[in-house]
Amino acid sequence: MRTNNAKVKNVIISVYFILIVLAILLVTVFSAFKDMTDNPLTAFLIILLILAALFFVIHWIAKYFEYDSDGLKVVITNKGLLLSDYFNYREHTIEFEKDRLSGFKIHNYLIYRELVLYIKNKKHDHVKKERFNVTLVARKKRKYMKQSLSKMVKHNRKAYNS
C-alpha cells in the first residue's frame, strides 16, 4: 500500500497567506489595540509574538508524509512540506523489513498526531522506537495505514509463536 499527503501543500500555503494578511491587517488597525495597553510598542510586540507563535506551530505541524509497504520492505518518510523540493531539511526516513515490525501506536494529541513504530533490531533483542508526524494525513489514509501495519504485526506474532 502506498499513500502520502502531497495535496495538503496548497492548504498550508493558504494558511501562511492568511497569516500574512492578518498581520498586515493588524498593523493597519493598530490603533484598535490601544485599549489593551497605553504603550503602542507593547501592543505591537504582543501581536508580533502571537503571530510568530502561530507561524511556528504551523511550521512544526506541516510535514510531508509518505508510506510505502509494497514489496518486502516498508519505507516511511517525513520531511518538510514547503521547501522540500529545494532543500533536504527536516527529513526522517526509515526503511525496514516487514518481519522486524513488533508493534505500533498512533497518538492523537490536541493539534498533533504521531505514528510510533516499534522495530526489532536484527542482531539484538533491542526494540527501536521511531516517531513520525501524521497530523496532515487524511483520516481514511490513516485508517488504511493502520490496517496494513496491524496485518504485519499480526503476521509477525504468528511467525514468532510458531
> Heavy atoms, side chains only, cut-off 4.5 Å: are N78 and Y64 in contact?
Replying inline: no

> Are any non-hydrogen side-chain atoms of I58 and I61 less than 4.5 angstrom apart?
Replying inline: no

>> Among residues at least two apart in sequence or on other chains, which ones pass side-chain hydrogen bond (donor to acceptor under 3.5 Å, both in side chains) with H107?
In response: none

> Given the rule that I, L, V, M, F, W and Y join up when any side-chain heavy atoms are under 4.5 Å apart, are Y109 and L136 in one cluster?
Replying inline: yes

>> Could you work out, with salt bridge (charged side-chain N to carboxylate O under 4.0 Å, His left out) as the rule, every residue matching K122, not counting sequence neighbours?
In response: E97

>> Tell me every residue that passes side-chain hydrogen bond (donor to acceptor under 3.5 Å, both in side chains) with N121, counting only those two or more places apart in sequence or in another chain.
In response: none

> Distance only, no hydrogens: is a donor on one side chain within 3.5 Å (strictly under) of an acceptor on the other, for T93 and E91?
Replying inline: yes

>> Under the salt bridge (charged side-chain N to carboxylate O under 4.0 Å, His left out) definition, can you give me all pairs with a residue in residues 131-146, not counting sequence neighbours?
In response: E114-R131

> Do other residues, nucleotides or ligands put more than 12 heavy atoms under 6.0 Å from H92 NE2?
Replying inline: yes

>> Which Ile, Leu, Val, Met, Phe, Trp or Tyr residues join V75 in one cluster when any pair of side-chain heavy atoms under 4.5 Å counts as a link?
In response: none

>> Restricting to side-chain hydrogen bond (donor to acceptor under 3.5 Å, both in side chains), what partner residues turn up for N133, sequence neighbours left out?
In response: T135

>> Side-chain heavy atoms nearer than 4.5 Å, only ILVMFWY residues, links allowed to pass through others: does that put V21 and L48 together?
In response: no

> Using a side-chain heavy atom cutoff under 4.5 Å and only I, L, V, M, F, W and Y, what cluster partners does V137 have?
Replying inline: M1, F65, Y67, V74, I76, I94, F96, L101, F104, I106, L115, L117, I119, F132, V134, Y144, M145, L149, M152, V153

>> Test question: given the 4.5 Å side-chain rule for I, L, V, M, F, W and Y, name all other residues clustered with V127, or answer none.
In response: V116, Y118

>> Restricting to non-hydrogen atoms, name the atom on S102 and the atom on R157 that form the minimum distance, rounded to 0.1 Å.
In response: O-NH2, 3.9 Å

> Atom CD1 of I18 and atom CG of L54: how far apart are they, to the nearest 0.5 Å?
Replying inline: 12.0 Å

>> Test of understanding: with side-chain contact (heavy atoms from CB on, under 4.5 Å), list the residues that count as partners of L110, not counting sequence neighbours.
In response: none

> Say you draw a straight line from NZ of K63 to CD1 of I12; how long is it, rounded to the nearest 0.5 Å?
Replying inline: 13.0 Å

>> Checking K128 now: which residues fulfil salt bridge (charged side-chain N to carboxylate O under 4.0 Å, His left out) with it, not counting sequence neighbours?
In response: E130

> By salt bridge (charged side-chain N to carboxylate O under 4.0 Å, His left out), which residues pair with R2, not counting sequence neighbours?
Replying inline: D68, D70

> Are L51 and L49 connected in the hydrophobic side-chain network, where two residues link if heavy atoms are under 4.5 Å apart?
Replying inline: no

